[in-house]
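What follows is a short report on a single structure.
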Number of protein chains: 2
Amino acid sequence: MDERQLRILRELEALGSLRAVAEALHVTPSAVTQQLQALQRGVGVPLTERRGRTLGLTEAGSALAAAAVDVHVALARAREVARGATDRPRGEVSVSGFNSIALTLFPALVQRFGRGEPVAVRLFDEDVAQEAFPRLAGRYDLVLAHRLDHTPAWPGTVRVTALLHEPLDVALPPEHPLAAKRRLSPSDVADQPWISTHEGFPVVATVDAIAAAAGHPVDIVHRVNEFSVAAELVRAGCGVALVPRWTVPRPRGVVLRPLARIPARRHVDVLCRPEQLTRAAVRAVLAQLRVLADDLRERSEVGEADA
Amino acid sequence: MDERQLRILRELEALGSLRAVAEALHVTPSAVTQQLQALQRGVGVPLTERRGRTLGLTEAGSALAAAAVDVHVALARAREVARGATDRPRGEVSVSGFNSIALTLFPALVQRFGRGEPVAVRLFDEDVAQEAFPRLAGRYDLVLAHRLDHTPAWPGTVRVTALLHEPLDVALPPEHPLAAKRRLSPSDVADQPWISTHEGFPVVATVDAIAAAAGHPVDIVHRVNEFSVAAELVRAGCGVALVPRWTVPRPRGVVLRPLARIPARRHVDVLCRPEQLTRAAVRAVLAQLRVLADDLRERSEVGEADA
DNA sequence: GAAACAATTCAGTATCGCTACATTGAGTTG
DNA sequence: CAACTCAATGTAGCGATACTGAATTGTTTC
């Protein structure tokens, strides 16, 4: 039972297949099998079981994976102590962000934690389907992720820090008849041509909810993940779209109207593995992200009042 | 930085020499040197330094050793989880005890945790000099240890559970003139021939304190570690001795008189490495030791009242 | 200054974890 | 239902690594 074997166990829990574990740890599947067997030989209890053609954890395996978290946390803290970085944060922190948030937060972040600073960020844009965000936490120290209100919460394998709880508004051309209303009901918009996102990405679920509320499917004419592109299409009169209120720069020639009766908000959260929070540098970046997100919301609310 | 290297670091802190670490871990000194070098290569900071001809930890080394405790605690807990022994204590627990306490507690302990029970104790008698008790915690899960009131506290490498705070009384033959007094002052006993213990063992320090209070050295005629043997010598009229009030079976033909003005008590404690406390079996034995010790004191106080 | 002891260095050896390739087994597709 | 695909497991061989044992350096003691 060593650090590596316990890491394999945790990855298997997070990723759900031996092959994925092997890729995440940059080894062959054969090596993973052998290490898992060695671990099970050591404890005498079966920790894994075949589930169809993939591999899952038994109850004992899950219990051990949970206990393994503390081992990795303790080891991370020991490394932090050894580097003498407990008091004064130092080192590199990798951060991944989805499109819209990267656009707004990354520049401010790199300004504060640029190259040469004691704490330096390495930035990556990663826009993936909602259920894929937790897996990114194995590759990056901090993961900026978003999910819609009524979707399942993030899994227990990651620690969650909430940044924003951001309303999604309906974007319309100013000359659109619906633009005259202050709030739009699901039935108002259900008959409009829609610009949604790719399957599995946020917003899709809310468009589905609108269809459910109206009692009939909606007409989705385009699927565009990039909100600023979607806004341009709205301006071009292709249809209506849902766009986040704060993180997307207000596009010219488009008006936003809140949606009534349907919970149209997304959570913008930072996901990370528990052991990352032991690093002072990671905590510093996380704190700054919260500051930036708060700024963003406040600045936007003020702008709202001006409009 | 793996479990073994961190263990070496902790042992070096506890034992104070590379050779002792090697013996404790059953490897050659050469292996220890190499592992320490590998560890230092990994962290980039010197963790050890020569102190005369032995090896000590630097400040960074001590810090890392402290952090290593959490790693070993987490690993011990993981092993406990893997064995499925978190709820129902199972397994063997090794216990070492010094002479007088072994005599009184071991039989009751083995009755509760005998062979075949889910929790079984392995008992060892180890009567060592006071400063050697903490080192025993590396060899045994639980160590019954004693120290006099005014001696330095146990080092931070061990967790301490107090069992008794036991008075030391002066043992006299009944016909001795001093036996008429209810309490004895240092000057009363300073001129008596003394039966003390070997150098470094408890009681010696208290006898020294008596000499200091009287202003002149006392006459130590015998040095006997075993209290029941010392009591026999007292009965034979060889001199007076200090004996613990509760843990030593009251010897026939000897009376005990409390000592005034000098703090003549010993702590009877259980020492263990922090990671041992994660094991439910160890905690069960420890709890039983506390029960037995409380019984012992109460039973003895009652007997006191009878006499 | 010699002897005793602690730590280190430097071979040589055994063990262990990895890759590469072959095989088994489960799900999918024509 | 055969053919295919993909996940996981077994096996042989290679390279890294942790150990032992002997020789060496440095420190304390008599």
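Keep in mind the model is a prediction, meaning the values are calculated, not measured. Per chain, numbering begins at 1; letters A, B, ... match sequence-line order.
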| query | To the nearest Å, how far apart are A:Leu55 CG and D:dC6 C1'? | reply | 14 Å

| task | Under 4.0 Å from any heavy atom of chain B: name the first and the last nucleotide of DNA chain C that qualifies, 5' to 3'. | result | C:dA4 to C:dC10

| When you look at A:Arg279 and A:Glu92, which way does the salt bridge (Lys or Arg N to Asp or Glu O under 4.0 Å) test go after all the steps? | CA-CA 10 Å; A:Arg279 295 174 50 199; A:Glu92 289 196 339; over 6 Å; no

| Of B:Arg53 and A:Arg4, the one whose closest DNA chain C nucleotide lies more 5' | B:Arg53

| To the nearest angstrom, how far is A:Leu12 atom CG from D:dA8 atom P? | 8 Å

| request: Hey, can you tell me if A:Phe133 and A:Trp154 have their rings parallel, tilted or perpendicular (30° and 60° cut-offs)? | output: perpendicular

| query | Quick one: does A:Gln35's side chain have a donor or acceptor within less than 3.5 Å of a partner on A:Val32's backbone? | reply | no

| message | If you take any heavy atom closer than 4.0 Å to DNA chain D, which residues from residues 14-25 of chain B end up in contact? | response | none

| said: Looking only at the side chains, is there a donor atom on one of B:Asp149 and B:His267 sitting less than 3.5 Å from an acceptor on the other? | reply: yes

| said: Quick check against the 3.5 Å criterion: does B:Arg90 have a side-chain atom that pairs as donor or acceptor with the backbone of B:Arg83? | reply: yes

| task | May I ask you to verify whether the side chain of B:Ser30 and the base of D:dG21 hold a donor-acceptor pair under 3.5 Å? | result | yes

| request: For B:Gln40 and B:Thr48, test the side chains for any donor-to-acceptor distance below 3.5 angstrom and give the result as yes or no. | output: yes

| request: Tell me what A:Gln37 touches on the nucleic acid: a base, only sugar-phosphate, or nothing, going by heavy atoms under 4.0 Å. | output: sugar-phosphate

| query | Starting at CD of B:Gln34 and ending at P of D:dT20, how long is that distance when rounded to a whole Å? | reply | 9 Å

| message | Distance check needed: D:dA7 P versus A:Glu11 CD, whole Å only. | response | 17 Å

| request: Could you tell me whether the side chain of B:Glu3 reaches within less than 4.5 Å of the side chain of A:Met1, counting heavy atoms only? | output: no

| task | For the residue pair A:Val21 and A:Leu55, establish whether any side-chain heavy-atom pair is separated by less than 4.5 Å. | result | no

| More 5' along DNA chain C: A:Arg50 or A:Thr28, using each one's nearest nucleotide? | A:Thr28

| request: Return yes if a side-chain donor-acceptor contact under 3.5 Å exists between B:Gln37 and B:Thr33, otherwise no. | output: no

| Quick one: B:Gln35 CD to D:dT17 P, roughly how many Å, whole number? | 11 Å

| query | Whole Å only: how far is the CD1 atom of B:Ile8 from the C1' atom of D:dA18? | reply | 10 Å

| query | Over how many whole Å does the gap from B:Arg7 atom CZ to D:dC19 atom P extend? | reply | 14 Å

